[in-house]
There are 2 protein chains.
Amino acid sequence: MSYTYEFPHPAVTVDIVVFTIENDDLKVLFIQRDQDPQEGEWALPGGFVDIDESLGHAAKRELKEETGASASFLEQLYTFGRPDRDPRERIITVAYFALIPSDQLSIAAGDDARDAKLYSTNELPALAFDHENILRIAMHRVKERLSDSVYAFQMLPKAFTMYELRRVYELFLGEVLDKRNFRKKIIALDQIEETGEKRESVRHRPARLYRVKSVNRVASPP
Amino acid sequence: MSYTYEFPHPAVTVDIVVFTIENDDLKVLFIQRDQDPQEGEWALPGGFVDIDESLGHAAKRELKEETGASASFLEQLYTFGRPDRDPRERIITVAYFALIPSDQLSIAAGDDARDAKLYSTNELPALAFDHENILRIAMHRVKERLSDSVYAFQMLPKAFTMYELRRVYELFLGEVLDKRNFRKKIIALDQIEETGEKRESVRHRPARLYRVKSVNRVASPP
DNA sequence: GCAAAAGTGTTGCTCATACACCCATGG
DNA sequence: CCATGGGTGTATGAGCAACACTTTTGC
């Protein structure tokens with residue numbers, strides 16, 4: 001089967017930057033390519049958009065197929081289209097990013113991927129194509145988002161402590177935040193509430209657990 | 001001549017939202033379509049991306065070809081890709097927006113366009129495809145940009161008064177701003193300077209003219 | 001008892017807002 | 001002389017940053 005057009009058409013792909021926090025470290029999900037070009041190199045999960053699916057759908061599907069991960073919320077990041085960004089043919093890629101709690105990330109390399117794993121943002125492998133650039137821009141975008149809303153809870157389990165929430169901010173922003181001021185700011189945003197439970201069995205005073213208020217579960221720019 | 005691929009490829013277009021201020025009114029540039037589908041309808045200028053040009057280049061080229069307008073600065077807005085957004089075939093469009101001073105806008109319908117003209121955002125024609133949605137999102141983005149930098153001078157001539165600058169904000173934000181506070185805020189941003197000249201021959205006290213400091217001429221997110 | 005994180009308030013500063021009057025010019 | 005926008009300063013309140021000590025648990 002083949003498809004013919006009167007004018008040349010670029011291929012369109014999606015790439016997804018999945019951020020998660022594991023072992024108190026900010027990590028990103030990559031796959032090891034199983035095919036040329038750049039076979040064996042690490043790259044962002046992604047792939048071709050099917051002709052009758054939406055861009056967001058393609059992003060979720062490719063992420064699932066290649067890594068086993070499910071993203072409930074994706075934000076479109078930017079569209080990269082330099083003519084020379086892929087050696088095969090003209091490929092325009094629509095990049096997305098997601099924040100996923102590590103306890104909801106079940107990773108299993110699939111389709112087109114020899115392997116799939118998380119890398120710390122402090123110890124990145126060499127990346128295929130322009131994916132290092134895409135990642136840089138994604139981190140920048142997340143920083144922006146954090147500064148004007150409670151956005152970080154997407155990376156946390158349903159119940160989380162103030163400390164855990166604060167760590168998300170600290171890892172993205174790359175600076176330490178004052179415990180008291182942080183708590184005040186978050187409470188003022190009025191988007192989370194106490195569960196009444198505490199995080200027990202730790203070798204220090206147990207911390208209160210919080211959850212997202214149900215009103216604030218959805219978010220979808222623009 | 002025809003082009004054949006193993007898998008179906010979507011077409012990729014760019015669409016450009018050009019904002020300008022004319023007669024103290026916020027306007028957007030539209031073309032009247034000269035071809036099916038939606039012949040005769042008004043639409044955002046735009047068209048197919050050539051196979052070997054960048055997305056930004058395509059946006060500038062299409063804008064020039066269809067309307068005669070030149071944009072020195074474009075920002076990528078968002079990529080729209082619903083499978084049913086165009087009846088012809090699957091078309092994914094990368095939307096851009098530009099702010100252009102009306103004295104630098106020379107409009108002349110070209111290529112694929114029966115007519116090209118500015119419409120006030122208060123009196124929009126019916127628009128083809130999903131262009132009304134694109135426009136709405138573009139206005140939202142410009143509002144965001146205005147609130148954290150001097151961005152508005154892109155819509156003004158090289159020399160402009162505080163009043164003119166303030167009107168740009170007022171027209172986008174849809175509210176009146178305090179003259180004194182506005183001046184203070186803009187001066188604090190330290191991005192413009194007095195030219196030493198005044199806007200003469202007006203039937204009131206002449207206003208000082210300002211220009212953008214040369215350091216601040218460029219801007220290019222992300 | 002000690003290590004380790006949880007939890008809590010106050011103060012000063014900066015920034016945004018609200019607000020009213022005289023000035024320079026053209027007609 | 002009048003209509004029109006140009007230009008100026010101050011006072012108040014909100015929000016943010018800086019800062020240290022006591023509490024609760026596991027080991």
Side-chain angles (χ1 to χ4, degrees), chain A residues 21 23-25 143-153 156-157 159-211, chain B residues 21 23-25 143-153 156-157 159-211:
Chain A
I21 288 178
N23 299 329
D24 201 46
D25 198 5
K143 281 191 195 183
E144 279 179 8
R145 289 281 175 267
L146 288 180
S147 62
D148 51 41
S149 77
V150 181
Y151 201 78
F153 55 69
L156 294 172
F160 50 86
T161 66
M162 274 287 170
Y163 176 77
E164 290 159 354
L165 185 60
R166 181 159 48 89
R167 281 302 287 159
V168 178
Y169 281 77
E170 291 181 342
L171 286 167
F172 272 102
L173 301 178
E175 58 186 315
V176 297
L177 301 176
D178 183 86
K179 201 160 54 158
R180 286 166 290 191
N181 294 337
F182 182 80
R183 180 182 292 269
K184 262 182 295 188
K185 192 156 92 180
I186 295 297
I187 297 294
L189 291 173
D190 195 34
Q191 289 179 51
I192 66 173
E193 60 192 2
E194 296 189 25
T195 65
E197 309 283 305
K198 295 189 173 184
R199 173 92 68 224
E200 311 268 359
S201 307
V202 284
R203 57 183 248 206
H204 55 78
R205 179 173 170 178
R208 295 179 200 157
L209 289 170
Y210 294 84
R211 72 167 82 89
Chain B
I21 288 178
N23 300 329
D24 200 46
D25 198 5
K143 282 190 194 184
E144 278 180 10
R145 290 280 174 267
L146 288 180
S147 61
D148 51 43
S149 77
V150 180
Y151 202 77
F153 54 69
L156 294 173
F160 51 86
T161 66
M162 274 288 170
Y163 176 78
E164 290 160 354
L165 185 60
R166 181 159 49 88
R167 282 302 289 159
V168 178
Y169 280 78
E170 290 181 343
L171 287 167
F172 272 103
L173 301 178
E175 58 186 314
V176 297
L177 301 176
D178 183 87
K179 201 160 56 157
R180 285 166 291 192
N181 294 338
F182 182 80
R183 180 183 292 269
K184 262 183 295 189
K185 191 156 92 180
I186 295 297
I187 297 293
L189 291 173
D190 194 35
Q191 288 179 51
I192 65 173
E193 61 192 2
E194 295 189 25
T195 66
E197 308 283 305
K198 294 188 174 186
R199 173 93 66 223
E200 310 268 0
S201 306
V202 284
R203 58 185 248 206
H204 55 77
R205 179 172 169 178
R208 297 179 198 157
L209 289 169
Y210 294 84
R211 71 167 83 89

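Here is how names work: the chains are called A, B, and so on, in the same order as the sequence lines, proteins then strands, and each is numbered from 1. Just so you know, these numbers use all the heavy atoms, side chains as well, and skip hydrogens, waters and symmetry mates.
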Rounded to the nearest angstrom, tell me the gap between atom [atom1] in [X] and atom [atom2] in [N].
| X | N | atom1 | atom2 | result |
| --- | --- | --- | --- | --- |
| B/E197 | D/dG6 | CD | P | 17 Å |
| A/F182 | D/dG15 | CZ | C1' | 17 Å |
| A/E194 | C/dA6 | CD | C1' | 12 Å |
| B/I187 | C/dA16 | CD1 | P | 14 Å |
| A/R199 | C/dG7 | CZ | P | 11 Å |

Minimum heavy-atom distance [X]-[Y], with the two atoms named:
| X | Y | answer |
| --- | --- | --- |
| A/R211 | A/E194 | NH1-O, 3.9 Å |
| B/L177 | B/E170 | N-OE2, 2.9 Å |
| A/E200 | A/P206 | OE1-CG, 4.1 Å |
| B/Y151 | B/Y169 | N-OH, 4.1 Å |
| B/T195 | B/Y210 | CG2-C, 3.7 Å |
| A/Q191 | A/F153 | OE1-CE2, 4.2 Å |

Of the residues in residues 161-176 of chain B, which ones touch DNA chain C at a heavy-atom distance under 4.0 Å? none

So, do A/M162 and A/I186 sit near enough that their side-chain heavy atoms are less than 4.5 Å apart? yes

Considering only heavy atoms from C-beta outward, does the side chain of A/V168 approach that of A/F160 to under 4.5 Å? no

Would you tell me if any nitrogen or oxygen in the side chain of A/R208 comes within less than 4.0 Å of OP1 or OP2 on C/dA6? no

Protein-to-nucleotide contact annotation, 5' to 3' order, nucleotides 17-27 of chain D [B base; S sugar-phosphate only; - none; under 4.0 Å, heavy atom]: BBBB--BBBS-

